Amino acid sequence: MTPIPINPGTLPRPSGYSHGTLAGNTLYLGGQTALDADRRIVPGGIVEQFRQAFTNVLTTLREAGGEPGDLVSITIYLTDIPGYQAHGKQIGQVWRELAGPVYPAMAGIGCTSLWQPEALIEILGVAVIPGDRLSIPGDRLSIPGDRLSIPGGTGRTGE
């Protein structure tokens, strides 16, 4: 099985990483900070940064045909745990607005800094997407010499 990079055109163009990597029907979502399309961290505090970072995660998920309910794990790296906790209700409202009432396994991890100095949060995750919904940009399901076997899907073999 060949891993397939997932890089939505609406997110900042990656350099040296992928926004997501699809292996079978499991999508590994790379860490997303609150970068906007101009590669700047959105202004405001932790709630605004959570909204943008999680939107970036969901953008990658949707690019592969996934939905928020397909998320099985989320890890949130935080430079200010007390600030996150103080705004937990607002962050929960943003989650429900963007992803609905279902929550996957989650972890919050404190750290001293993130890649962009002004970033307060970075979110990464894992999703399992049903084979009948997988959407590979450029139809890269057909890879010469490779077989992609997807539970519940048809599996396609390259020529």
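Here, residue 1 is the first one in the sequence, and each next residue gets the next number. Since this is a predicted model, take the numbers as computed values, not measurements.
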[X] (side chain) donor-acceptor with [Y] (main chain) under 3.5 angstrom:
{"X": "D36", "Y": "D38", "result": "yes"}
{"X": "D80", "Y": "L120", "result": "no"}
{"X": "R39", "Y": "R13", "result": "yes"}
{"X": "Q49", "Y": "E118", "result": "yes"}
{"X": "N7", "Y": "H19", "result": "yes"}

Worksheet item: What's the verdict on salt bridge (charged side-chain N to carboxylate O under 4.0 Å, His left out) for E97 and R51, showing C-alpha distance, side-chain angles and the deciding distance?
Response: CA-CA 10 Å; E97 175 189 327; R51 176 183 294 281; 2.8 Å; yes

[atom1]-[atom2] distance between [X] and [Y], expressed to the nearest 0.5 angstrom:
{"X": "R62", "Y": "L27", "atom1": "CZ", "atom2": "CG", "value": "12.5 Å"}
{"X": "L11", "Y": "T55", "atom1": "CG", "atom2": "OG1", "value": "10.0 Å"}
{"X": "L22", "Y": "T60", "atom1": "CG", "atom2": "OG1", "value": "12.0 Å"}
{"X": "E48", "Y": "H87", "atom1": "CD", "atom2": "NE2", "value": "8.0 Å"}
{"X": "I136", "Y": "E63", "atom1": "CD1", "atom2": "CD", "value": "9.5 Å"}
{"X": "L78", "Y": "C111", "atom1": "CG", "atom2": "SG", "value": "7.0 Å"}

Worksheet item: Which word best sums up how the rings of Y84 and F50 line up, parallel for under 30°, tilted for 30 to 60°, or perpendicular for over 60°?
Response: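 Geometry flag for F50 against Y84: perpendicular rings.
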
Worksheet item: Does the side chain of T112 reach to within under 4.5 Å of the side chain of T79, using non-hydrogen atoms?
Response: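 When only atoms from C-beta onward are counted, T79 and T112 do not touch, as no gap falls below 4.5 Å.
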
Discussion item. Does any part of the side chain of P68, heavy atoms only, come nearer than 4.5 Å to the side chain of L58, both counted from C-beta?
Written reply: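 Side-chain contact under 4.5 Å: yes.
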
Worksheet item: At their closest point, which heavy atom of I41 faces which heavy atom of A119, and how far apart are they?
Response: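 Heavy atoms of I41 and A119 come nearest at CD1-CB, 4.0 Å.
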
Worksheet item: Between I123 and A53, what is the shortest heavy-atom contact and its length?
Response: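 Smallest heavy-atom distance, with atoms named: CD1-CB, 3.9 Å.
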
Practice prompt. Give the cluster check for V57 versus Y103: same hydrophobic cluster or not, with ILVMFWY residues linked at side-chain heavy-atom distances below 4.5 Å.
Written response: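 Yes, one cluster joins them.
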
Worksheet item: When hydrophobic residues are tied together by side-chain contacts of less than 4.5 Å, even through go-betweens, does I81 share a cluster with W95?
Response: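 I81 clusters together with W95.
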
Worksheet item: Going through the distances and angles, do T33 and Q116 end up as a side-chain hydrogen bond (donor to acceptor under 3.5 Å, both in side chains)?
Response: CA-CA 8 Å; T33 58; Q116 298 91 9; 2.9 Å; yes

Discussion item. Checking one residue: Y77. Which other hydrophobic residues are in its cluster under the side-chain 4.5 Å linking rule?
Written reply: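 Direct or chained contacts put Y77 with I109, L114, L124.
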
